[in-house]
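Encoded as structure tokens, the structure appears first; notes follow it.
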2 protein chains.
Amino acid sequence: MGIFSKTCEYAVRAVFFIAQRTADGSRVGIKEIAVNIDSPEHFLAKILQDLSRRGIIQSVKGPNGGFYLDAQSLARPLSDVIEAVDGGGIFRDCGLGLKECSSKNPCPLHHDFLDVRNRLQNMLESITISQFNEDLNLGIVVLKK
Amino acid sequence: MGIFSKTCEYAVRAVFFIAQRTADGSRVGIKEIAVNIDSPEHFLAKILQDLSRRGIIQSVKGPNGGFYLDAQSLARPLSDVIEAVDGGGIFRDCGLGLKECSSKNPCPLHHDFLDVRNRLQNMLESITISQFNEDLNLGIVVLKK
DNA sequence: ACAATAAAAGATATTTATATCTTTTATTGT
DNA sequence: ACAATAAAAGATATAAATATCTTTTATTGT
């Protein structure tokens, strides 16, 4: 298990891919996304359905249909994707699983974890979905293997 | 899902509890540990068996038996517990799940994640298992609820 | 030796995450 | 209208994580 669930990893990779591939206003199909981010097609379909329902990504059915991102979606912070898929627990929950852990009633790791979680959150809030489009085009960063 | 697996959360809480409760050389039984860290007893038993096999904690069977920590174990960094239970993936694996992600072949989040993971690792390597014994005694930090 | 204790080990159950396959609905171009 | 396309939705399967229960083994005190 990584920091995120596998579902979330696929979601982020897919969202980055859709952002890059549809920056020109076109759409991209599930099959093409799955191949390019190396994920199981039908499982990814479920994930993207959910993201679409939540308004994180957009989609149209039928010929020339597919997934894409509108201007608002392109500008979203990556943290929105994480929250939509895994929930915000990673940003907020106690590292040792205590329900009532707080600064008043801290677990032993509370203070240290607060720092790490805040950094993670700040990082993911300051990264936008479209920010890697160019690096992806240039092959400087990758989404598969 | 938190940063660690539930198994790992129980493990860390248990190890902290054993450290505090057996600093005087005594032992503590599984039932007492489970009650005090609010975990399912039999499940925790499995976890502690495994930690015992790996030498992270010590145990003796029979009357007056139970779990404890020797001097070496008390001085261990908490990262050893994490590695024993969840593996080192949290310190090393790609945030987006890519097998071959590296500085030469990075995912979009590679550099940012490297920083967060390193901080987490440094933090967990610099915390020792026994370092909260006193705060636990004083009730300044807690291991349940 | 024996009974009591407590962890170790084994077996099984339940829940959640991940994955696959099929059918339905919306959209498009002819 | 109709056929083709592609996502949405529904149903089911598999694997992994979490949890529970039972039996065995080691140790202790009598």
Side-chain angles (χ1 to χ4, degrees), chain A residues 1-15 17-18 21-22 26-35 37-69 84-87 89-90 96-97, chain B residues 1-15 17-18 21-22 26-35 37-69 84-87 89-90 96-97:
Chain A
M1 185 188 52
I3 291 213
F4 306 129
S5 68
K6 226 166 180 185
T7 302
C8 193
E9 292 174 349
Y10 292 147
V12 172
R13 274 150 56 195
V15 164
F17 181 77
I18 298 169
R21 199 49 95 69
T22 67
S26 63
R27 289 127 184 196
V28 60
I30 183 71
K31 203 162 296 191
E32 196 175 351
I33 303 171
V35 166
I37 71 167
D38 204 27
S39 77
E41 179 185 331
H42 295 286
F43 187 45
L44 182 63
K46 290 294 179 197
I47 300 169
L48 296 188
Q49 276 166 35
D50 185 56
L51 288 179
S52 179
R53 247 183 268 117
R54 293 169 186 270
I56 303 287
I57 67 177
Q58 285 68 51
S59 69
V60 291
K61 293 182 178 180
N64 294 316
F67 297 92
Y68 68 101
L69 297 169
V85 180
D86 277 355
I90 192 113
L96 300 189
Chain B
M1 186 188 51
I3 291 213
F4 306 129
S5 68
K6 227 166 180 187
T7 302
C8 193
E9 292 175 349
Y10 292 147
V12 172
R13 274 151 57 196
V15 164
F17 181 77
I18 298 169
R21 200 49 95 69
T22 67
S26 64
R27 289 126 185 199
V28 59
I30 184 72
K31 204 163 295 189
E32 195 174 352
I33 302 171
V35 166
I37 70 165
D38 204 28
S39 77
E41 179 185 331
H42 295 287
F43 187 45
L44 182 63
K46 288 295 179 198
I47 299 169
L48 296 189
Q49 276 166 37
D50 185 55
L51 288 179
S52 179
R53 247 182 269 116
R54 293 168 186 272
I56 303 286
I57 68 178
Q58 285 68 50
S59 69
V60 290
K61 293 182 179 180
N64 295 315
F67 296 92
Y68 68 101
L69 297 169
V85 180
D86 277 355
I90 192 109
L96 300 189

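Lettering of chains follows the sequences in order, A, B, ..., and the numbering in each one begins at 1. Values reported hereafter were calculated over all heavy atoms of this structure, with side chains retained and with hydrogens, waters and symmetry mates removed.
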Spacing of [X] atom [atom1] and [Y] atom [atom2] [to the nearest 0.5 Å]:
X: A/Leu48; Y: A/Ser39; atom1: CG; atom2: OG; answer: 8.0 Å
X: A/Ile3; Y: B/Ile90; atom1: CD1; atom2: CD1; answer: 4.5 Å
X: B/Ile18; Y: B/Tyr68; atom1: CD1; atom2: OH; answer: 11.5 Å
X: B/Gln49; Y: B/Lys46; atom1: CD; atom2: NZ; answer: 4.5 Å
X: B/Ile37; Y: B/Phe17; atom1: CD1; atom2: CZ; answer: 8.5 Å
X: A/Arg27; Y: A/Phe67; atom1: CZ; atom2: CZ; answer: 12.0 Å

Rounded to the nearest Å, what distance is computed from the [atom1] atom of residue [X] to the [atom2] atom of nucleotide [N]?
X: A/Lys31; N: D/dT5; atom1: NZ; atom2: P; result: 11 Å
X: A/His42; N: D/dA9; atom1: NE2; atom2: P; result: 17 Å
X: B/Leu48; N: C/dA9; atom1: CG; atom2: P; result: 13 Å
X: A/Phe43; N: C/dT16; atom1: CZ; atom2: C1'; result: 11 Å
X: A/Ile56; N: D/dA7; atom1: CD1; atom2: P; result: 19 Å
X: B/Gln49; N: C/dA6; atom1: CD; atom2: C1'; result: 11 Å
X: A/Leu44; N: C/dC21; atom1: CG; atom2: C1'; result: 16 Å
X: A/Arg53; N: C/dT25; atom1: CZ; atom2: P; result: 16 Å

At less than 4.0 Å, is any side-chain N or O atom of [X] found next to OP1 or OP2 of [N]? Yes or no.
X: B/Ser59; N: C/dA8; result: yes
X: B/Thr7; N: D/dT18; result: yes
X: A/Tyr10; N: C/dT18; result: no
X: B/Ser52; N: C/dA7; result: no
X: A/Lys6; N: C/dA19; result: yes

How does DNA chain C look in dot-bracket notation if pairs are Watson-Crick or G-U with both distances under 3.5 Å, crossing ones as [ ], other-strand ones as |?
||||||||||||||||||||||||||||||
Considering non-hydrogen atoms only, spot the tightest contact between A/Asp38 and A/Tyr10 and give its length.
O-CE2, 4.3 Å
Shortest non-hydrogen separation from A/Cys8 to A/Asp86 and the atoms involved:
CB-OD2, 3.3 Å
Donor-acceptor pair, A/Arg21 side chain versus A/Ile33 backbone, under 3.5 Å?
no
When all nucleic acid strands are considered with a 4.0 Å heavy-atom cut-off, which category describes [X]: base, sugar-phosphate, or nothing?
X: A/Val85; result: nothing
X: B/Lys46; result: base
X: A/Ile30; result: sugar-phosphate

Is it true that B/Arg54 and B/Asp50 make a salt bridge, defined as a side-chain N closer than 4.0 Å to a carboxylate O?
yes
Polar atoms only, N or O, under 3.5 Å: list the protein pairs with nucleotides 26-30 of chain D and their distances.
residue: D/dA26; atom: O4'; partner: B/Lys61; partner atom: NZ; Å: 3.3

